[in-house]
Amino acid sequence: MVIIPPMKNSRSVVLIATLMLASTSYAAVGFEYEEKFTSVTDTWDFAFPGGDTGPVLVTRCGELHHIALDGTQKLLGDIGSHVECKQQQAGATGLTFDRGITDSGFAYVYYTVEGQISSAVARIALTKSGDSITLDTSSFQPIIEGLPFALNGARNSGGLAVSGSGNHLFVATGDNNTINQAKLAQDLTAFHGKLLRFNIDGTTPTDNPSLGDTTGAIKAIYAVGFGRPYRIGIDPVTDAIFVADSARFSWSEVSLVSSGGGGNYGWPEIEGDGHTGPGGVEPIENPVAPLWETPKSSENALLIVGPAYRRPEGATGGLPETLHGYVPVAESTEPWLKLIGPNGELVETEPGLSGTRSIAIGPDGEFWVLEAQKSIISRLIWADEPPTITMDEPAETVRYRGEQTINLAASGNDPEDGPNVSSFAWTLSLYDGQDTLVESVTIEGPSGTYSLPLEVDIEGRLEIQVTARDTIGNIGTATRTLVPDASRITFNSEPAGVPFEVDGAQITEEIERVYEPNTPLDVTCPFEYTFEDDPDAILYVFLDRSDEKGADDTFVVPPEDFTLTCKYRRFDEPVVADDGDEVEPVVIDLGGNEPTATPPSDDGCTTGRDGSSRPWGTLVLMVGILGIFRRRVHFTA
């Protein structure tokens, strides 16, 4: 991996964005890494306006560029006349948009004010058509002014986010970056070291928590006690704010400001989770502990946080449902990206990032990252495979009865984690023969037992599902369906379509029914049959039954599943004996006389012993030696 040093500061930078072909450098647990747009030099923040639209970038000195998803780049405008960027860390530090922009809305820029030692937030009118973006920079209007700016060069202000409803702007401010002024983070008459909440037009909401002055601009204070909150992320569903507060001494932290605000997060009395800070303020009662902390990796390291993950509407990629609400966290001098849940759950990945400055969620549902050291925007494609879950018990062959206890056992294996699979959960759903849910039971753990009710429907079923997670949070599933301890009898004929009767009901096609073992059934196969739509009027005669019984014998349901078939042969086919020889037809007089060799009369009718003719005379029937284990003679006319 080639590291490109940061470019020297320049008032006017020509931005060239090139679409790279998907070039996965390497895979990490959870993500595949892809360089998406290169040569985004001097970019300090980027964001997506919504819909199937590429990102908009803002350079340090105020140029705004749009990169379409096909790589086409366009200069949208320049607000450099409003932006102070001569000082090393001054400039346009944050960018966001109205939520749900379909054709028009506003872009919001957090910037250092030209000629002043302060920061502000301005809005710019935006129009959007498909993947085309237009900004009217002449509409540039500061809506929040008088925000602090770090005099000593360190980035400590830049966090900007729009609420889930789209009605409010959240702004994070630093403490002015000097130890002597760190106490401003606890000063309720100053904006320093605070999380601020404004209406979307820059006015002060009346429903903010009462932390200090209940009137005027200071009423915008939403939470206090931060040092260097360079980036913030919001959960658009819960409006919880994740504040990435970079270490002044040793410990950086991610703090969670729940909807409603009002908390004190401890700086400068404490840093991170209870570590001693520079102090200089009154003791803080019950400071809010950080959601997560990490030791600072280097002197200039910045902690970066993105928006809490929620898959955009229409996106098919991205994180699994189990990780929705998790926030991405990176450090500007480290290769890792971690996912932190709202209760401090941690998922660690190392996709190989370099100089992370900003994180956004693209329209594809994947994380996009601005990497300052390489002057690129990369994409992290979620690629972690879910675990494979094996249901060891019950076996597929198990059948259940009333009051029976079913043993449950499962195991898992993950392509990335091996057998490190956890959070097993079972759901057992018992249905009757009418597909009505009788009961549903949930059981936690890789093993357990389930006891069936006293009575069960022999035509019902028991559906079993077990799920488990790997260390990333992907879910694997195994399912199994059990049937009652009853016999499933399939009725059919050969050839198909010959009608037969089961307990007086005629059946014309293959059918399956469930019975208690040893149940007697009256089964009748016709002795002969001709299909009505057969132009040749081929006669089929009964040959055999698969239970080795006669055509109209009683069938007793066996203890196992069985297929009862009425078998037929064409009348003109020879009958074959057990030894393979054909059996000659036998002439039988149905009038009660013995077989005779009397020749037929001239009219084609058979003549009786007395020489008289009668209609059809003596019928000639085929007698076959049928069956492998026995012989039977069948008569047909």
Side-chain angles (χ1 to χ4, degrees), residues 1-9 41-45 60 85-91 93-94 112 117 119 148-159 172-185 192-193 225-232 242-255 265-280 290-306 328-338 340 348 350-359 369-375:
M1 182 182 301
V2 178
I3 305 298
I4 302 175
M7 300 293 290
K8 292 183 179 180
N9 296 330
T41 306
D42 213 29
T43 299
W44 273 29
D45 200 8
R60 189 172 71 88
C85 67
K86 292 185 291 293
Q87 298 188 50
Q88 182 181 4
Q89 303 298 341
T93 57
T112 310
I117 307 174
S119 296
F149 165 67
L151 297 176
N152 294 325
R155 298 189 189 102
N156 72 346
S157 295
T173 63
D175 65 357
N176 218 18
N177 203 45
T178 67
I179 297 301
N180 291 334
Q181 291 184 305
K183 61 185 179 181
L184 292 175
H192 299 71
F226 303 103
R228 300 170 68 194
Y230 181 63
R231 289 286 184 250
I232 62 176
F242 297 85
V243 180
D245 200 353
S246 300
R248 182 70 58 77
F249 294 153
S250 301
W251 292 91
S252 296
E253 63 189 84
V254 175
S255 295
Y265 291 80
W267 179 262
E269 182 182 8
I270 55 176
E271 182 180 65
D273 192 8
H275 307 284
T276 302
L291 187 67
W292 177 78
E293 67 169 16
T294 183
K296 182 172 68 172
S297 62
S298 65
E299 182 61 30
N300 296 320
L302 284 173
L303 197 65
I304 305 297
V305 69
V329 180
E331 195 174 60
S332 61
T333 57
E334 293 296 306
W336 48 258
L337 182 140
K338 304 180 192 296
I340 301 175
E348 298 190 70
E350 191 165 326
L353 301 175
S354 180
T356 301
R357 185 172 285 171
S358 185
I359 305 169
V369 182
L370 172 61
E371 298 183 70
Q373 290 184 11
K374 295 195 294 183
S375 296

Handout entry: Backbone N/O of L353 and side chain of E371: donor-acceptor pair under 3.5 Å
Key = no

Problem - Test side chain to side chain contact (heavy atoms under 4.5 Å, CB included) applied to A247 - qualifying residues, sequence neighbours left out - result: S252, E271, K296

Handout entry: Short side-chain to backbone donor-acceptor contact, R231 and L303, under 3.5 Å
Key = no

Handout entry: Distance in Å, T43 OG1 paired with L370 CG, rounded so as to fall on 0.5 Å steps
Key = 6.0 Å

Exercise for the section: Could you tell me whether a side-chain N or O of E253 sits under 3.5 Å from a main-chain N or O of G272, the two making a donor and an acceptor? Expected result: yes

Exercise for the section: Please test D273 against W251 for side-chain hydrogen bond (donor to acceptor under 3.5 Å, both in side chains), starting from the C-alpha separation and ending with a verdict. Expected result: CA-CA 8 Å; D273 192 8; W251 292 91; over 6 Å; no

Problem - Side-chain (R248) to main-chain (P268) donor-acceptor, under 3.5 angstrom - result: no

Problem - Test applied, side chain to side chain contact (heavy atoms under 4.5 Å, CB included); reference residue, L337; option that passes from I359, T356, I304 - result: I359

Handout entry: Test: K183 and D175 ion pair at under 4.0 Å
Key = no

Exercise for the section: Would you indicate whether the side-chain heavy atoms of S358 and W44 approach each other to under 4.5 Å? Expected result: no

Completion exercise
The reported gap from OH in Y265 to CG in L291 (rounded to nearest 0.5 angstrom) is 10.0 Å

Completion exercise
One should read off an interatomic distance between F149 CZ and I117 CD1, to the nearest 0.5 angstrom, of 8.5 Å

Problem - Expected output: side-chain S119 to main-chain P148 donor-acceptor under 3.5 Å - result: yes

Exercise for the section: Calculate, to the nearest 0.5 Å, the distance between atoms OG and CG belonging to S246 and N300 respectively. Expected result: 11.0 Å

Practice task
Go through the steps to decide whether S297 and E331 satisfy the test side-chain hydrogen bond (donor to acceptor under 3.5 Å, both in side chains), and finish with yes or no.
Solution key: CA-CA 8 Å; S297 62; E331 195 174 60; 2.5 Å; yes

Problem - side chain to side chain contact (heavy atoms under 4.5 Å, CB included) partners of K338, counting only residues at least two apart - result: W292, W336, L346, E348

Problem - Polar side-chain atom of D245 near backbone of R228 as donor-acceptor pair, under 3.5 Å - result: yes

Handout entry: Main-chain N/O of L302 paired with S332 side-chain donor or acceptor, under 3.5 Å
Key = yes

Problem - Shortest non-hydrogen contact from T173 toward P229 - result: O-CG, 3.1 Å

Exercise for the section: Sequence neighbours left out, what passes ring pair (Phe, Tyr, Trp, His ring centres under 6.0 Å) with F242? Give chain and number order. Expected result: none

Problem - Rounded distance [0.5 Å steps], CZ in R357 versus OG1 in T93 - result: 10.5 Å

Practice task
Please report the shortest heavy-atom distance between A182 and W267, naming the atom on each side.
Solution key: CB-NE1, 3.7 Å

